[in-house]
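Data first, discussion second: the structure below is written as structure tokens.
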Amino acid sequence: MNKIAVLAPNGGRASPYRVEGGALVKKVTERHIYRLRQAVGIDEAVWQEHRDGVGVVRFEFPDGSVREIEAHEFERRSFLHGDGARFAVTRFIVLADLTLAKDGMRALFAFN
């Protein structure tokens, strides 16, 4: 699988993003979750730069779980938040709109 670093508009590396095959992947940390709306997002500038080249948007969470959504659905269902000055304009998607692609570590310790 070919991993390509995502570049920010200023030409620097846009961490925590990467492109794998046809997926734009973001490695999510706790601070990336918009708690009020229970959503995660991608910087709008990164999305605009890569939206035509990807078919899936994938989020990797700290617990090891992976959630994803088709790119056209991400664009349709997402909402913008941020003022562009203090906070980067970000395209958010609510967690409920994402499909679980891989369970996290917590599932390993679940008892029936």
Side-chain angles (χ1 to χ4, degrees):
M1 189 175 303
N2 193 12
K3 294 182 182 179
I4 301 168
V6 172
L7 299 181
N10 66 5
R13 187 162 191 262
S15 183
Y17 302 100
R18 68 183 186 279
V19 174
E20 289 184 0
L24 176 60
V25 182
K26 180 175 183 180
K27 188 166 182 83
V28 177
T29 65
E30 291 294 325
R31 67 182 180 90
H32 292 140
I33 300 172
Y34 182 13
R35 298 215 183 279
L36 184 63
R37 300 283 299 267
Q38 288 298 292
V40 290
I42 292 180
D43 292 345
E44 180 65 2
V46 170
W47 174 246
Q48 291 302 321
E49 183 69 27
H50 296 280
R51 70 187 235 189
D52 293 332
V54 298
V56 173
V57 177
R58 187 173 296 139
F59 297 92
E60 297 175 341
F61 289 87
D63 69 350
S65 65
V66 177
R67 295 179 182 274
E68 62 187 24
I69 188 169
E70 291 184 25
H72 70 275
E73 284 297 309
F74 175 77
E75 181 144 294
R76 187 175 73 81
R77 294 181 180 200
S78 60
F79 61 93
L80 293 174
H81 181 70
D83 59 15
R86 291 180 304 157
F87 302 103
V89 176
T90 303
R91 184 171 290 273
F92 283 95
I93 187 83
V94 295
L95 296 174
D97 286 341
L98 300 175
T99 301
L100 183 64
K102 177 185 164 198
D103 261 338
M105 291 296 290
R106 292 185 187 129
L108 294 176
F109 301 104
F111 295 100
N112 294 330

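Atom set for the values below is all heavy atoms of this structure, side chains included, hydrogens, waters and symmetry mates excluded. The chain is numbered in sequence order, starting from 1.
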Taking atom [atom1] of [X] and atom [atom2] of [Y], what is their separation to the nearest 0.5 Å?
X: Glu49; Y: Glu44; atom1: CD; atom2: CD; answer: 12.0 Å
X: Asp63; Y: Lys102; atom1: CG; atom2: NZ; answer: 9.5 Å
X: Glu68; Y: Glu73; atom1: CD; atom2: CD; answer: 13.0 Å
X: Tyr17; Y: Asp43; atom1: OH; atom2: CG; answer: 3.5 Å
X: Asp97; Y: Gln38; atom1: CG; atom2: CD; answer: 12.5 Å

Heavy-atom side-chain contact between [X] and [Y] under 4.5 Å:
X: Ile69; Y: Thr99; answer: no
X: Trp47; Y: Thr90; answer: no
X: Leu98; Y: Val40; answer: yes
X: Val19; Y: His50; answer: yes
X: Phe74; Y: Arg91; answer: yes

Specify the closest pair of heavy atoms between [X] and [Y], including all atoms of both residues, with the distance to one decimal.
X: Leu24; Y: Val54; result: N-CG1, 3.8 Å
X: Gly82; Y: Val89; result: O-CG2, 3.9 Å
X: Gly41; Y: Phe92; result: N-CD2, 3.5 Å
X: Ser65; Y: Leu100; result: CB-CD1, 4.2 Å

* If Ile, Leu, Val, Met, Phe, Trp and Tyr residues are connected whenever their side-chain heavy atoms lie under 4.5 Å apart, and connections chain through other members, are Val28 and Leu95 in the same group? ->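 Linked within one cluster.
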